[in-house]
Amino acid sequence: MTIAPNSIEARDIAYQMHPNVNLRTYEKSGGLVIESGDGIYVTDNNGKRYIEGLAGLWSVAVGFGEKRLAEVAKAQMEKLPYYHTFAYKTHGPSIELAEMLIKLAPVPMSKVHFTSSGSEANDLAAKMVWYRSNALGKPDKKKIIGRIYGYHGVTIAAGSITGLPRNHQSFDLPLDRMVHTSCPSYVHFGKDGESEADFTKRMLGDLEELIQREGPETIAAFWGEPVMGAGGVLVPPAGYWEGVQEILRKHDILLVVDEVICGFGRTGKMFACETYNIKPDVLVLSKQISSSYLPLSAILMNDNFYQPIADESDRIGSFGHGYTASGHPVATAVGLENLKIIQERDLVGNAAQLEEKFLARLKALAEHPVAHSSRGVGLLGALEIKPFADGKPGDAALAVAAALQEEGVICRAVMEAVCFCPPLIITAEQIDDMFDALGRALDTVAAKRA
């Protein structure tokens, strides 16, 4: 596009450094300026309206422009705009949200610690894992197992547990106490003639082999998303999570489940732990906890995890950690109201009810000559695109995403897939609108490649 001097696009290029882009490319192209949002739609500064097919960044459950959240934020801002949870201080909104989360948790949990992003939450959870090992007199039990293509954030520890090369390259990551096991994506890593059951068995064998090679006495925790979101909506094969949990129990390794994307209804259950029968020691939550109206995340921990940490803080005099915004009163008030909306409007039930249609439309589009296959659960899905024979990895998916944006739908290209994660308020008719546009985008890419 042509960027006029002194336009908002030109000023953006001049003054702002953006995440997750080729910075030199951005200096030439600029970005799409979004000005407003309403329901599942956002509108740019030229008045063009888009279906937000990724709910922002996998996160706006209740849709854009929800007045109840704005009103709660205003009321809390006027009453107590900021306070902290340091040094024996607290406040009502953080207490009420913590109580709600403990009651909603898919397994019995003991305490909640608030942070402001999924990256922060996973980073702190790693610190607490190490703190706990020291409390138990196990100073060598510090290694953490992540998975190739897993995503847990971009801070130093969380970025190290993440298994995506783009988040490691040139950052001197991962840290040396982070190790990675195989990615359980059958569509990508299944061998010719290998059944899904045999693939699951091989993935579990890889995990057991890694633990034995590193030494079970040195491994403190295993990190995993129920469905690997930013890796491309990679759905676990049957029996995988049952097998992982059996191995971890055998070797006294903690299970930290990252539901930053999956939590609060995305898979058709309140938590994906319920979808896949996962029983975590620690549960990491963000994104849909506040529909990203304000930055908020939470770490839920069971009593087995919490008690040694509490004992250690008593022994040395303090739990020496904290963020200025942990449990921020406006963010937790908005989070509390957001979860009430999700419950009152049965948005979890809406995801479960629309799952069949959502996945069926994706599956039908997988028959297109440009496409390879589809996958998903609830209102979380991906369409795998056939790579261009003469292109770089990911070029085909990027081309489809660009064509789809021209059709008025925003998605996200991840490696060879285009990913969808619409607001949980989406209707059956809007799902048709979104995927009708995807069909036209696939046609456009096919015509250009003919």
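For clarity, every value in this text was computed on a predicted model and none was experimentally measured.
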key: Residue pair His188 / Glu416, side-chain donor-acceptor N/O under 3.5 Å   =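 Judged by distance alone, the side chains do not pair up.
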inquiry  = Suppose we screen for side chain to side chain donor-acceptor pair (under 3.5 Å). Which residues come up paired with Gln288, at least two apart in sequence or across chains?
reply    =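 Partners of Gln288 by the side chain to side chain donor-acceptor pair (under 3.5 Å) criterion, ordered by chain and then number, come out as Arg266.
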task = Test Phe358 against Phe420 for ring-ring contact (aromatic ring centres under 6.0 Å, His included), laying out the working first.
result = CA-CA 10 Å; Phe358 179 81; Phe420 297 87; 7.3 Å; no
inquiry  = A side-chain contact here means heavy atoms from C-beta on lying under 4.5 Å apart; do Asn338 and Ile289 qualify?
reply    =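 No, too far: nothing below the 4.5 Å cut-off.
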ask   = Side-chain contact, heavy-atom cut-off 4.5 Å: Phe271 with Leu285?
value =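 Yes. Closest side-chain heavy atoms under 4.5 Å.
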key: Full working for ring-ring contact (aromatic ring centres under 6.0 Å, His included) between Phe319 and Tyr131   = CA-CA 9 Å; Phe319 177 63; Tyr131 192 98; 5.3 Å; yes
query = Looking only at heavy atoms, what is the nearest atom pair of Ser373 and Val187, with distance?
reply =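 Of all heavy-atom pairs spanning Ser373 and Val187, the closest is OG-CG2, 3.7 Å.
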message = Testing the basics here: between Ile219 and Lys141, what is the closest heavy-atom pair and its distance to 0.1 Å?
response =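 So the two residues come closest at O-NZ, 2.8 Å.
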request  = Using modelled atom types only, decide if a donor and an acceptor are shared between the side chain of Thr85 and the backbone of Thr90 within a distance under 3.5 Å.
outcome  =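 Checking the backbone N and O of Thr90 against the side chain of Thr85, no donor-acceptor pair under 3.5 Å is found.
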Backbone of Asp140 reached by a side-chain donor or acceptor of Glu217 within 3.5 Å =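 Not at all, since once roles are kept as given, no pair shorter than 3.5 Å links the two residues.
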task = Provide the full list of side-chain hydrogen bond (donor to acceptor under 3.5 Å, both in side chains) pairs with a residue in residues 219-236, sequence neighbours left out, each pair given once.
result =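 Every side-chain hydrogen bond (donor to acceptor under 3.5 Å, both in side chains) pair that includes a residue of residues 219-236, provided the two are not neighbours, is Asn122-Trp223.
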Between side-chain atoms of residues 91-100 and protein atoms elsewhere (two or more places apart, or another chain), which donor-acceptor pairs fall under 3.5 Å?
residue, atom, partner, partner atom, Å
His91, NE2, Gly327, O, 2.7
Ser94, OG, His91, O, 3.0
Glu99, OE2, Lys103, NZ, 3.1

message = Which residues pass the side chain to side chain contact (heavy atoms under 4.5 Å, CB included) test with Leu210, not counting sequence neighbours?
response =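 So Leu210 forms a side chain to side chain contact (heavy atoms under 4.5 Å, CB included) with Ile145, Val179, Thr181, Arg213, Glu214.
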Side-chain donor-acceptor distances from residues 361-370 under 3.5 Å, at least two apart:
residue, atom, partner, partner atom, Å
Arg361, NH1, Asp432, OD1, 2.8
Arg361, NH1, Asp436, OD1, 3.2
Arg361, NH2, Asp436, OD1, 2.9
His368, ND1, Val370, N, 3.1
His368, NE2, Asp443, OD1, 2.8

key: Pairs satisfying salt bridge (charged side-chain N to carboxylate O under 4.0 Å, His left out), at least one member in residues 185-197, at least two apart   =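 Qualifying pairs, neighbours excluded: Glu194-Arg202.
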